[in-house]
A.B. asks: 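What follows is a structure written as structure tokens; I'll ask about it next.
Chain A is the first sequence line, chain B the second, and so forth, proteins listed ahead of strands; every chain is numbered from 1.
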2 protein chains.
Amino acid sequence: MHNKSESGLQSFIERCRRYGLKLTPQRIALYTILDGVKTHPTAKEVYDEIVKEYPHISIDTVNRTLNTLAEYGFIDVVEGYGEPKRFDPDRESHHHAHCIICGTIIDFQNNRYDELEIPKEITRKFSVLHKRVVLNGICGDCDNPRKS
Amino acid sequence: MHNKSESGLQSFIERCRRYGLKLTPQRIALYTILDGVKTHPTAKEVYDEIVKEYPHISIDTVNRTLNTLAEYGFIDVVEGYGEPKRFDPDRESHHHAHCIICGTIIDFQNNRYDELEIPKEITRKFSVLHKRVVLNGICGDCDNPRKS
DNA sequence: GTGATTGCAAACCTTTTGCACGCCA
DNA sequence: TGGCGTGCAAAAGGTTTGCAATCAC
């Protein structure tokens, strides 16, 4: 599908130009880290990755940039249950299964879910921008009695 | 459906006994406030309500009790996007529409959503306890240009 | 009686904000 | 050059934790 390549970076650069966002090294670095990521990292996790290559960056910039990227639709903020905010660089339609024990989020695709109709009672009073099925339960690892 | 009555309180008391949870006045007060609530209050909002009738209670107790009630399945923690934790006393199956501007959550019922099948690829590695369709978009109030 | 629960205070953690400097366009 | 973006520090906000006193069972 999407490969971690210049094509991605190119379109990122173009979109930044279009939106009037300046192309700072920090933003490029952040984009590079996030491109292709299929997990749902917190700001801290992104920061820990990015300092390896860019030791001067601050956690504040990571926070601010993640918020900016989310605001402009480059990434999503994922639904959570009180733990630190998680971001999702994968903007293709997918659904989530949350483990209530360890907090892991499993992504999955499902055409039937994608095609769900929105009830008229909702469309009458609400403009839907995004739709997702969210499952909660216990993942294989946590279900396994071997692992405490 | 459910009415704010002794029957609710009775079953609350019975369940507490069954679980070995002590019936403190704070817990009763919290239960009474939450019974029948159809919104998704934060701990602070619950606290603000409860101090009116129970001026001595502390926000810590409200937080702890809400967590306990959630842990034992009396209430749910609802999905959010970084703002303070929200609780949902309504445990009947329903779905959520989140306004990305004001944060309001609109509840709605939908049989088709309730009956969604879980893909086998998920059930193989994940025990589903709860299922919800989450919509994100803009609510009527925020869509209205009159209101800023 | 005794163990769970409460209230208070402090700690903790994450996220936001103010501000001066520096860099991109 | 002008203004946005960054880094630092501080503030803010929410939630958790430790502990002694209290209360439910």
A.B. asks: Ignoring hydrogens, what is the shortest heavy-atom contact between Ser58(B) and Tyr47(B)? Give both atom names and the distance.
C.D. replies: C-CE1, 3.7 Å
A.B. asks: Considering the options Arg86(B), Lys85(B), Glu79(B), which one meets the side chain to side chain contact (heavy atoms under 4.5 Å, CB included) requirement together with Tyr81(A)?
C.D. replies: Glu79(B)
A.B. asks: Are there more than 12 heavy atoms of other residues, nucleotides or ligands under 6.0 Å from atom CZ of Arg18(A)?
C.D. replies: yes
A.B. asks: Identify, with sequence neighbours excluded, every residue that meets salt bridge (charged side-chain N to carboxylate O under 4.0 Å, His left out) alongside Asp114(B).
C.D. replies: none
A.B. asks: Report yes or no: does Ser11(A) contribute a side-chain atom to a donor-acceptor pair with the main-chain N or O of Gly8(A) at less than 3.5 Å?
C.D. replies: yes
A.B. asks: Counting only heavy atoms not in Glu83(A), do more than 12 fall under 6.0 Å of its CD?
C.D. replies: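 Check passes, neighbour count above 12.
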A.B. asks: Which angle, to the nearest 10 degrees, lies between the helix axes at the two ends of the helix from dG1(C)-dC25(D) to dA25(C)-dT1(D), each defined by five pairs?
C.D. replies: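 One end's axis against the other's: 40°.
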A.B. asks: What residue pairs, at least two apart or across chains, pass ring-ring contact (aromatic ring centres under 6.0 Å, His included) with a residue in residues 8-28 of chain A?
C.D. replies: Phe12(A)-Tyr31(A), Phe12(A)-Phe74(A), Tyr19(A)-Tyr72(A), Tyr19(A)-Phe74(A)
A.B. asks: Please determine if Arg91(B) and Asp76(B) form a salt bridge, counting it only when a charged side-chain N lies under 4.0 Å from a carboxylate O.
C.D. replies: yes
A.B. asks: 5' to 3' on DNA chain C, which nucleotides open and close the contacts with chain A (atom under 4.0 Å from a heavy atom)?
C.D. replies: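 Contact span on the strand: dT14(C) to dA25(C).
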A.B. asks: Scan His95(B), His98(B), His94(B) and name whichever one has a ring-ring contact (aromatic ring centres under 6.0 Å, His included) with Phe108(B).
C.D. replies: His95(B)
A.B. asks: Using heavy atoms and a sub-4.0 Å distance, could you list which residues of residues 17-28 of chain B are near DNA chain D? By number, please.
C.D. replies: Lys22(B), Leu23(B), Pro25(B)
A.B. asks: Do nucleotides 10-22 of chain D as a string where each nucleotide becomes B, S or -: B if the base has a protein heavy atom under 4.0 Å, S if just the sugar-phosphate does, - if no protein is that close.
C.D. replies: ----SSBBB----
A.B. asks: Are the side chain of Lys131(B) and the backbone of Leu116(B) linked by a donor-acceptor contact shorter than 3.5 Å?
C.D. replies: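 Indeed, once roles are kept as given, a pair shorter than 3.5 Å links the two residues.
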A.B. asks: Any salt bridge linking Lys44(B) with Asp48(B)? Criterion: basic side-chain nitrogen under 4.0 Å from a carboxylate oxygen.
C.D. replies: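 Asp48(B) and Lys44(B): salt-bridged.
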A.B. asks: Should the heavy atoms of other residues, nucleotides or ligands under 6.0 Å from CZ of Arg17(B) be counted, would the total exceed 12?
C.D. replies: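 No.
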